[in-house]
Amino acid sequence: MAIRGRPNLARLLAHTLQAAPEVDRAEANPVTGRVLLRHDRALAPREAADLLRRTTGEVLSRADLPHQPSRRQRASARGSRVKRSAGKRSTGTGPPARAGQRRAAGRRGTAAVLLGGGAAAVTLGCGKACLKFLANPWVSLGIAAAATAGIVRRALRSSERAAGSTGSAARGPFVTRLARRHRSGFALATALSGLAQITEMALYSLMAYGVSVLLLGGSPLLAGMGLTGVGTQMSFVAGATAAMAAVSAGLSFAAETRWDRLGQAVEHEWRTTTYEHVLRLTTTDMEGERASHTLQVLTEDISQVGSFVGTSLHEVAQLVTSFAVLVPAFLLLAPQLAWVVFAPVPVVAWLSYRFQERTAMAHAESAEVRSRLQGRMAGSLQAHPTIKAFCTEEYEGKLATGLSQEYGAANHRAARRSARHAQLVRMSALSAIPATLLLGSKAVLRNQLDVRRLTPLVDMPVTALFRLNRLGAMTNGYQRSLAAFDRLQRLNELPVESQDSSTPLSTEDLQGGFELKRVTFSYPGRPPALSGLSLRIAPGKVTGIVGTTGAGKTTIARLLMRFVDPADGQVLLDGVDIREMPLRQLRGAIGYVSQEPFLFDGTIADNIRYGSFGADDRSVARAAEAAGADAFVRALPDGYETKVGEGGAALSGGQKQRLALARTILGDPPVVILDEATSAVDNETEATIQRSLKSFAHKRTLVVIAHRLSTVRNADRIYVMERGGTVTERGTHTALVRRGGRYAALWRLQTGEAEAPSGRGAG
């Protein structure tokens with residue numbers, strides 16, 4: 001496939017696919033050339049195949065890359081290689097269908113040439129009558145408007161196909177919803193943009209009007225205002241021009257800053273409200289790849305919407321204003337010249353869209369080559385000893401030279417396309433000036449038009465047509481923002497955790513006894529993790545849970561925390577179903593330390609104090625000492641003020657576990673769940689932690705989940721679990737070892753001891 005070995009093109013394909021509302025995640029692998037889609041259950045495999053084929057073909061055909069589909073890729077074109085896993089996953093390579101698109105484009109081009117040639121022939125054949133009919137300002141305006149509308153509509157459809165969009169529910173109220181809380185701000189910004197554009201066009205008209213005053217020896221209009229003499233009138237026009245320039249600059253500055261402030265306000269509003277909504281989602285919705293997709297929505301997608309408000313809407317307001325001034329000005333002052341102005345409008349609109357498509361692919365190709373060059377050079381620098389050892393300096397130099405030349409050529413092609421487009425637009429826009437001058441001068445000589453009406457109109461079309469040049473970029477920004485807003489809406493539509501409850505929970509009266517009664521639970525697309533499990537966690541005691549990987553130990557912890565709810569059965573706390581308890585109060589009564597605890601980017605003290613923000617330094621140190629963390633913390637140069645880095649990157653796994661344990665100890669909850677909370681510490685540190693936890697565990701319910709049996713040997717009761725979520729053995733450590741079952745075998749395997757000294761306490 002053409003994306004193989006082309007990382008930037010792969011990223012472009014993935015980004016284009018992910019813009020589709022049905023797609024949760026898209027990955028294009030530049031190494032294997034394969035594409036992975038995660039999509040809604042509502043999207044059938046055949047529809048996913050069509051989406052993949054259509055989007056891939058669009059991207060590759062625009063990039064103008066040679067490609068020969070393989071047998072696997074041709075099979076993917078028929079949808080036979082698209083699969084679904086758990087109703088949401090599709091894989092395939094997606095054929096480009098480039099030859100078919102070229103034939104279709106050729107047919108469209110031929111049809112356009114024939115249609116244009118036929119129209120020209122008909123026009124010439126019917127002679128002056130047709131020319132006179134087409135020169136009618138209302139006819140020319142209608143033709144130009146219809147042609148431009150057709151170009152815009154086709155470009156919108158093409159953009160939707162490239163994004164894989166099948167229609168967005170947000171299309172209608174998109175801009176309205178963005179402006180809902182900022183109506184006055186949007187109205188003010190739109191007014192400022194319109195006034196800025198009007199003053200800019202008035203500025204050029206004043207300049208042209210001043211030239212006519214000078215050439216004609218004065219202006220009757222200015223004379224009627226009491227300004228006599230050419231010098232006086234020119235001074236007035238010059239002053240008015242300077243004042244108009246200052247007003248135009250001030251209004252433009254005000255409009256730009258107002259739109260930017262609106263964009264920032266919309267970004268802030270949607271980011272904060274969406275983030276607050278995300279924090280209330282269930283953990284199931286935030287697990288795995290969903291988290292990275294959510295992060296993209298909170299960052300890239302919301303920034304795209306804010307950029308659309310801050311930039312594109314300003315350009316739209318200026319474009320609409322320029323034509324709102326241009327059209328009536330020519331219809332009222334020089335209707336016989338209106339067709340000259342309206343004729344280039346569809347041409348400039350078409351060039352704008354064409355340039356947007358070609359330039360995007362040219363820059364993607366250039367970025368891809370740059371990435372390959374940088375990757376090769378970076379790899380060579382990292383492998384410097386290897387290069388020296390194999391004497392391949394010249395070889396690597398030739399590779400870098402070739403890639404550098406390829407990069408320069410790609411950049412040159414992109415620059416040529418940009419320059420060609422700029423000059424084509426410039427020529428199309430400026431063509432209105434000589435035509436206006438020629439036909440306008442003839443109308444003046446025939447006394448059909450006053451020269452004072454003509455001169456202010458000469459430069460006006462150029463300003464509007466140059467604004468029209470941004471139409472492609474505006475449409476592209478609109479489509480990208482529409483897709484981003486659709487993903488934003490879908491994220492906000494995810495259900496949050498239910499906070500309803502009928503039984504209040506009092507921490508003071510809580511005994512902390514849990515019971516699982518015939519609990520069955522399974523993760524989507526997997527066999528049951530727990531099947532009819534029943535076990536009891538005694539209040540104020542230490543309960544150990546051990547077993548093989550996949551036995552459902554962590555699932556039990558998630559059920560106790562109500563991160564998930566059982567499909568069948570009940571989880572009771574002090575005899576009450578936890579689904580009837582207030583969720584915040586339930587979790588507030590339980591301290592939870594996972595195997596991979598998360599530390600926030602801040603100091604050690606801040607992380608221990610997290611959740612107990614009012615705790616003083618003394619309490620923080622005592623909690624750290626109980627968790628076996630105080631010694632290593634005080635050995636650091638900054639002690640408790642040491643920065644841990646993002647995710648605790650500056651600390652080892654064992655150090656992070658001890659800080660997380662200290663955080664829980666500081667919270668002083670009546671129930672504590674330790675899910676492999678000491679798996680990353682050495683035996684000596686674990687023994688220190690266990691001794692410290694003896695006093696902490698007094699009259700406290702402690703659930704210890706572990707692979708290492710030494711962690712739970714002092715527990716009051718131990719449950720041994722096997723795959724499928726069944727309990728095979730239960731009892732104290734001594735009793736289980738003497739029984740000679742599964743637990744005893746694991747104990748001998750881990751320690752080499754036949755049995756261990758008896759004793760019970762905190763684990």
Side-chain angles (χ1 to χ4, degrees), residues 275 279 291 295 507 542 554 557 561 584 587-708 710-714 761-763:
Y275 181 64
L279 292 178
L295 183 61
T507 306
V542 179
T554 296
M561 292 293 298
R584 291 180 60 86
R587 291 177 181 166
I590 304 174
Y592 177 64
V593 184
S594 65
Q595 181 176 358
E596 297 180 358
F598 186 86
L599 298 185
F600 296 90
D601 189 7
T603 66
I604 289 178
D606 291 339
N607 274 279
I608 296 176
R609 198 179 278 119
Y610 189 80
S612 305
F613 302 106
D616 55 29
D617 294 341
R618 201 176 207 178
S619 301
V620 169
R622 280 200 302 267
E625 187 175 359
D630 183 70
F632 90 79
V633 172
R634 293 191 184 279
L636 296 172
D638 296 325
Y640 284 90
E641 296 305 313
T642 300
K643 298 283 187 179
V644 301
E646 185 175 352
L651 302 177
S652 68
Q655 290 172 335
K656 289 192 288 185
Q657 283 189 334
R658 280 177 275 175
L659 293 182
L661 185 57
R663 178 194 298 165
T664 299
I665 292 173
L666 183 62
D668 194 28
V671 179
V672 175
I673 301 173
L674 305 181
D675 185 4
E676 296 287 354
T678 58
S679 60
V681 302
D682 54 52
N683 291 332
E684 183 179 353
T685 303
E686 183 187 22
T688 302
I689 294 174
Q690 288 188 9
R691 286 194 298 270
S692 301
L693 285 176
K694 283 183 180 179
S695 59
F696 176 72
H698 182 62
K699 294 184 179 181
R700 194 185 309 268
T701 303
L702 193 60
V703 181
V704 183
I705 298 172
H707 280 290
R708 198 159 55 188
S710 60
T711 306
V712 299
R713 61 181 299 178
N714 294 324

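Below, all heavy atoms of this structure are taken into account, side chains as well, without hydrogens, waters or symmetry copies.
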Contacts of type side-chain hydrogen bond (donor to acceptor under 3.5 Å, both in side chains), residue Ser594, not counting sequence neighbours: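 Testing Ser594 for side-chain hydrogen bond (donor to acceptor under 3.5 Å, both in side chains), a comparison that skips the adjacent residues, returns none.
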
Enter the distance from [X]:[atom1] to [Y]:[atom2] here, rounded to the nearest 0.5 Å.
| X | Y | atom1 | atom2 | value |
| --- | --- | --- | --- | --- |
| Ile604 | Glu641 | CD1 | CD | 9.0 Å |
| Thr642 | Asp606 | OG1 | CG | 11.5 Å |
| Ile665 | Ser612 | CD1 | OG | 11.5 Å |
| Glu596 | Asp675 | CD | CG | 10.0 Å |
| Leu599 | Ile608 | CG | CD1 | 9.5 Å |
| Leu636 | Leu651 | CG | CG | 7.5 Å |

Just one of Ile673, Val671, Val672 clears the side-chain contact (heavy atoms from CB on, under 4.5 Å) bar with Thr701, so which one?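 The residue from Ile673, Val671, Val672 that satisfies side-chain contact (heavy atoms from CB on, under 4.5 Å) with Thr701 turns out to be Val671.
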
Short side-chain to backbone donor-acceptor contact, Arg663 and Asn607, under 3.5 Å: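 Judged by distance alone, yes, a pair lies under 3.5 Å.
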
Whether the side chain of Arg658 engages the backbone of Ala627 through a donor-acceptor N/O pair (distance < 3.5 Å, no angle test) should be reported.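 Side chain of Arg658 to backbone of Ala627: no pair is present.
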
Please say which of Thr603, Asp630, Asp617 ends up in a side-chain hydrogen bond (donor to acceptor under 3.5 Å, both in side chains) with Tyr640.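 Output: one option passes, namely Asp630.
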
Decide yes or no for [X] and [Y]: does some side-chain heavy atom of the first lie under 4.5 Å from some side-chain heavy atom of the second?
| X | Y | answer |
| --- | --- | --- |
| Arg700 | Val542 | no |
| Thr711 | Ile705 | no |
| Leu666 | Val620 | yes |

Give the minimum heavy-atom separation between [X] and [Y], together with the two atoms involved.
| X | Y | value |
| --- | --- | --- |
| Pro669 | Ala589 | CB-O, 3.7 Å |
| Val712 | Ala706 | CG1-CB, 4.1 Å |
| Arg587 | Met561 | NE-O, 3.0 Å |
| Gln657 | Gln595 | NE2-O, 2.9 Å |

Using 4.0 Å as the upper bound for N to carboxylate O, is an ion pair formed by Asp601 and Lys643?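 The answer is no: the pair does not qualify as a salt bridge.
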
Only counting residues at least two apart or in another chain, list the ones meeting side-chain contact (heavy atoms from CB on, under 4.5 Å) with Phe598.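 Result, side-chain contact (heavy atoms from CB on, under 4.5 Å) vs Phe598: Phe600.
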
Counting only heavy atoms not in Tyr610 (residues, nucleotides, ligands), do more than 12 fall under 6.0 Å from its OH?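 Not buried by this count: 12 neighbours or fewer within 6.0 Å.
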
